[in-house]
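The chains referred to below are lettered A, B, ... by the order of the sequence lines, with proteins before strands, and numbering in each begins at 1. Everything quoted here is computed from the prediction, not taken from an experiment.
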Amino acid sequence: MKQINRIRVRFAPSPTGALHIGGARTALFNWLYARKSGGIFILRLEDTDSERSSQESARGILDGLAWLGLDWDEGPDRGGPYGPYRQSQRLTIYHQYLKALLDANQAYYCFCSNEDIAADKALAREQGRDYKYSGRCRHLDGEAAAQRVENGQPAVIRLRVPNTGITKVSDLIRGEVEFDNSLMDDFIIAKSDGWPTYNFAVVVDDHMMAVSHVIRAEEHLSNTPRQILIYQALNWELPQFAHVSMILAPDRSKLSKRHGATSVQEFRELGYLPQALLNYLALLGWSSGTDQDIWDVNDIVPRFDLEHVSRSAAVYDIEKLTWMNGHYISQARPESLATEMLRSTRVKHWMSSSSMAYLIEVVKLVQGRAKLIPELIEAAAYFFEEVNGYEEKGVNKHFARSDADKLLQADLEILTADTRFTLASLESALREKAAQMGVKAADLIHPLRLALTGRTNSPGIFEVAVLLGREKCLKRINQAIKWLDENRLGQ
RNA sequence: GGCCCGUUGGUCAAGCGGUUAAGACACCGGCCUUUCACGCCGGUAACAGGGGUUCGAGUCCCCUAGGGGUCACCA
């Protein structure tokens, strides 16, 4: 069951909020790496912070990943040979290694109170030094300390960090990065409530889950030497590390809610397609080395590599994402777009008097001109809803002219006379009529478009007419003529 | 502030000692056209600054500046 030398990567979010695009990209890179190498993609929930973790967040993250199509091989909802996959269920495992470290005198109990620490920090500040844990409890007798804990005295556990030497991080993306041990203090690996801190839990889990490559965001690079110290204290082999640069907001600051949509869920609600988001995120930080920009994620899999992952932070540009989304919408299967549109109550309402088949036909007509799902819905509206009101720009241009009534009457005649009502028959009839009247075809087309759709832009007007059907078209032209009359325009 | 990482057009980004410094988004023109998109053609726009190394530097080294990260009983 346990295969060694197999590539195993993991995405380990803490369920304290939504799945951000940064997290989604980290997940994507891990997923790509696993899929490319035939490895295993693990999902692990880092929920040791009971204050901030929530079931809803966990659910949201899983849903987000699933929506993107980033499937995991082992995880909290599907198990696996190295579970459990949520840290909150792994306490006994942590305790086992905490004890090992304590027994080996690699770690020690610390009884310093928050007040002690605060005082140390204040003093350091006063003296203009950087604060570093004093090491006050470093030399306490182990037995005695254990006894005090036994008696119920609260304590944290700190790692005994060597105060000389350097710790080297070999990073697949950044190369060798060195950190001076003397700059690190004896950091806490277990909180006074008995739970491990992040740095400790992550090491134990990555090791116990046989993770071969830790691919994560750059914000973790500075913590890596601490983790390496833990690996060494435990005498464990190091995984490979790869730190991916951060995604920044347009003002080059860290992404936050004030920068608009940042979570996968929000992008979904705004009408972005998973393929577009995936494509965009893949290229934000990774380059194929070619000049191709549109990529199906499955085509990226065999090409993905860490060497072409960017070392510099990337500012995300929603305009480009939106452009890509437009591309994917125009390429998408009409059926799947229709399904996505059906999430909207407006579209659901349409279905009470129309069929799915009709919706799909409409989608085919308008999908080439929408960049987002809501735009698609908007573009489809007049196929399901009555035209009430005409775009002002169109009225001024096409209904205000003195012969507007005459032109609409001509349109009415054409559509009335054409019982075949096909693309070809309509177009030839209209062009013929225009020639007879000595006007341009456009002179008949524009008012017709406005009458049929209420708008100045639409797909080809003959396509629109055919799909709308003769009856509806005639009704709308008559409605427009009446409107003209009532508004005393076009006389 | 200490430490760490990065710095090619507005944005993503190719480049890995010798190029007219790609491509994409955005922007600006033009074409197509029944409108709007799409599409096609063209254009504006970049190696942060300064020192080295080298015959030659966007590519290597150093410094500076500006950016980001980290230094929690958060992850």
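Between the side chains of A/Asp116 and A/Ser113, a donor-acceptor pair is found at a separation under 3.5 Å. Side-chain atoms of A/Asp205 and A/Tyr85 include no donor-acceptor pair closer than 3.5 Å.
Across all strands shown, A/Arg311 has heavy atoms under 4.0 Å from sugar-phosphate atoms exclusively, and none from any base. Using a 4.0 Å heavy-atom cutoff across all strands shown, A/Ser310 reaches sugar-phosphate atoms only and no base atom. At the heavy-atom level, A/Asp130 lies under 4.0 Å from base atoms of the strands shown. Within 4.0 Å of A/Pro13, counting heavy atoms only, lies no atom of the nucleic acid at all. Using a 4.0 Å heavy-atom cutoff across all strands shown, A/Thr197 reaches sugar-phosphate atoms only and no base atom. The residue A/Ser312 sits close only to the backbone: its heavy atoms come under 4.0 Å of sugar-phosphate atoms, none of a base.
Minimum atom distance to the side chain of A/Ile445 is reached by B/rU34, of the listed B/rU34, B/rC3, B/rC25. Here the side chain of A/Asn114 is nearest to one of B/rC71, B/rC73, B/rA75, namely B/rC73. In this structure, the nucleotide among B/rA24, B/rU35, B/rA75 sitting nearest to the side chain of A/Asn457 is B/rU35. Nearest nucleotide to the A/Ser222 side chain, out of B/rA72, B/rG69, B/rG10: B/rG69. The side chain of A/Glu46 approaches B/rA75 more closely than any other nucleotide in the set B/rA75, B/rU35, B/rA26. Distance from the side chain of A/Arg226 is smallest to B/rC71 among B/rU11, B/rC71, B/rC4. The side chain of A/Phe179 sits closest to B/rC3 out of B/rU11, B/rU34, B/rC3. In this structure, the nucleotide among B/rU70, B/rC12, B/rC73 sitting nearest to the side chain of A/Asn223 is B/rU70. Taking every side-chain heavy atom of A/Glu463 into account, B/rU34 is the closest of B/rA75, B/rU34, B/rG68.
The base of B/rC74 lies outside donor-acceptor range of the side chain of A/Ser14, with no N or O pair under 3.5 Å. Scanning atom types as modelled, no donor and acceptor separated by under 3.5 angstrom connect the side chain of A/Arg369 and the base of B/rC38.
A salt bridge is defined here as a Lys NZ or Arg NE, NH1 or NH2 lying under 4.0 Å from an Asp or Glu carboxylate O, and A/Arg59 with A/Glu56 fails to meet this definition. Between A/Arg158 and A/Asp185 there is no salt bridge, since no side-chain nitrogen of the basic residue lies less than 4.0 Å from a carboxylate oxygen of the acidic one.
Aromatic ring orientation, A/Tyr272 versus A/Phe267: perpendicular (interplanar angle above 60°, classes split at 30° and 60°). Using cut-offs of 30° and 60° for the angle between ring planes, the A/Trp483 and A/Phe399 rings count as tilted.
Base pairing of B/rG2 is made with B/rU70, judged by Watson-Crick or G-U wobble geometry with both donor-acceptor distances under 3.5 Å. Remark: B/rC16 base-pairs with no nucleotide in the shown strands. Criterion, Watson-Crick or G-U wobble with two distances under 3.5 Å. Base pairing of B/rC40: its partner is B/rG30, meeting the Watson-Crick or G-U wobble criterion (both donor-acceptor distances under 3.5 Å).
In terms of phosphate contacts, A/Lys191 brings a side-chain nitrogen or oxygen within less than 4.0 Å of OP1 or OP2 of B/rA75. Using a 4.0 Å cut-off, no side-chain N or O of A/Arg44 falls inside it from OP1 or OP2 of B/rA75. An OP1 or OP2 oxygen of B/rC12 is reached within less than 4.0 angstrom by no side-chain nitrogen or oxygen of A/Ser287. Of the side-chain N and O atoms in A/Arg431, one or more sit less than 4.0 angstrom from OP1 or OP2 of B/rU34.
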